[in-house]
Amino acid sequence: MSTAPNRRAVAVILLIPLMVTLALWAFAWPAARIAPRDLPVGVAGPASAAQQLEQRFEQRDGAFDVHRFDDEAAARTAIEDRTVYGAVAVTPQGPHLLTASAASPVVSQLLREAVTASAPEDTPVRVTDVVAAPPGDPRGSALGASVLPLALAGMAAGAVVTLMGLRGARAAVTLIGAAALVGLAATAVAHSWLGALTGDWWTVAGVLALTVLAIGSAVAGLAALFGSRGIGLGALLMVLLGNPFSGVTSAPELLPEPVGAIGQWLPPGAGGSLLRSVAFFDGSAAGTAALTLSLWTLFGLAAVLFARRAPAPPEPVEPAREPALTG
């Protein structure tokens, strides 16, 4: 009896627990280790008082990256430009905390707790949400939940184009058309219906489409280079790692190192950051994320257009047996 089916069965038995373990590590480990790591925050006010606040932040070694500002107006501008997540301004009435829940509701709550705990007793802490999350999604849940569907949509587009045998310009046009339709449909749901996204409607649709295109073209490009194994590699990068490493549900600076940085190099994380920028901050700090998505898209489309894989060798044909002679 041939041992090939037995070997495949053993491979499946071993592969499934390995994949489950990898998925639990990728999704559960970053979520269980959320904490500030060089989180950009600001301090504004007179030099002596601001220095005291800065020292309190720096007591937590490696947790905060403190920026000094001359006054509250400069701190507000830095928050709107996505230079810092929040800032504490020293005023005669006490500390004034400036946050941006649109950048990360988790970070806003963390700063609120940290500043309140470090303030002197009986000193109220005034809080102003400079860039608030939209009323349709005050906790950022819808935005955080959007990354996985976008990754799955791009993954499906790249896999279907490959399995249908589309090549060259036809494959590229199919990927672009599918991504454009996904961007329009997703914007209609998240922007027009749920109100979870604000900003210019068409710009948001373009970002969603670019995110799906970057993922889909990367998967199709990997498949053009490595065959069916490329689809598995694309699923590993875009879904199994890209989704939990994106930091969209919290912030990249809250994830363990180097998970946060890796997530921003992958399309799901870059797409989430770019979406925040165009939806809530008028495109501030959008350059790096847009460049990352563009590079993935160019790589994938170039591989789809120009890669020429050698055809798989034909399976050996077993010679026909002569019929047995009958007595």
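What you see is a predicted model, and the numbers here were worked out from it, not measured in a lab.
In this structure the side chain of Val278 reaches within 4.5 angstrom of the side chain of Leu274, judged on heavy atoms. Side-chain atoms of Phe280 and Leu143, non-hydrogen and from C-beta on, do get closer than 4.5 Å to each other. Taking the side chain as every heavy atom from C-beta outward, Thr128 and His96 approach each other to under 4.5 Å. The shortest distance between side-chain heavy atoms of Asp38 and Glu257 falls below 4.5 Å. You'll find the side chain of Leu148 reaches within 4.5 Å of the side chain of Val239, heavy atoms only.
The shortest non-hydrogen separation linking Pro134 to Gly195 is CB-O, 3.6 Å. The two residues Leu175 and Ala220 make their nearest non-hydrogen contact at CD1-CB, 3.9 Å.
Within the 3.5 Å criterion, the main-chain N or O of Leu39 finds no donor-acceptor partner in the side chain of Asp65. Of the possible polar contacts, one joining the Trp296 side chain to the Trp265 backbone as a donor-acceptor pair under 3.5 Å is found. Although no hydrogens or angles enter the test, the distance criterion places no donor-acceptor pair under 3.5 Å between the side chain of Arg167 and the main chain of Leu305.
Side chain to side chain, Trp201 and Ser192 meet the donor-acceptor criterion of an N or O pair below 3.5 Å. For the residue pair Arg82 and Ser277, a side-chain donor N or O sits within less than 3.5 Å of a side-chain acceptor on the partner. A donor-acceptor pair shorter than 3.5 Å cannot be found between the side chains of His67 and Thr83.
Linking ILVMFWY side-chain heavy atoms closer than 4.5 Å, directly or via other members, places Leu197 and Val182 in a single hydrophobic cluster. Cluster membership check: Val127 shares its hydrophobic cluster with Val106, using side-chain heavy-atom separations under 4.5 Å among Ile, Leu, Val, Met, Phe, Trp and Tyr.
Pairs engaging residues 51-64 under the side chain to side chain donor-acceptor pair (under 3.5 Å) rule: Glu54-Arg68 [sequence neighbours left out].
Counting non-hydrogen atoms of neighbouring residues, nucleotides and ligands closer than 6.0 angstrom, the CG atom of Asp70 reaches no more than 12 such neighbours. More than 12 heavy-atom neighbours from other residues, nucleotides or ligands sit within 6.0 angstrom of CG on Asp200.
The distance from the CG atom of Leu150 to the OG1 atom of Thr211 is 6.0 Å, given to the nearest 0.5 Å. Separating the CD1 atom in Ile34 from the CG atom in Leu110 is a distance of 10.0 Å, to the nearest 0.5 Å. Expressed to the nearest 0.5 Å, how far OG1 of Thr77 lies from CG of Asp71 amounts to 8.5 Å.
Note: Trp29 and Trp25 have parallel aromatic rings, judged against thresholds of 30 and 60 degrees for the angle between ring planes.
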Atom pairs and distances, side-chain donor-acceptor, residues 241-256, under 3.5 Å, sequence neighbours left out:
{"residue": "Ser246", "atom": "OG", "partner": "Asn243", "partner atom": "O", "Å": "2.8"}
{"residue": "Ser246", "atom": "OG", "partner": "Val248", "partner atom": "N", "Å": "3.4"}
{"residue": "Glu253", "atom": "OE1", "partner": "Tyr85", "partner atom": "OH", "Å": "2.7"}

* **Candidate pair Ser284 and Glu80, rule side chain to side chain donor-acceptor pair (under 3.5 Å), full reasoning** => CA-CA 8 Å; Ser284 297; Glu80 294 169 351; over 6 Å; no
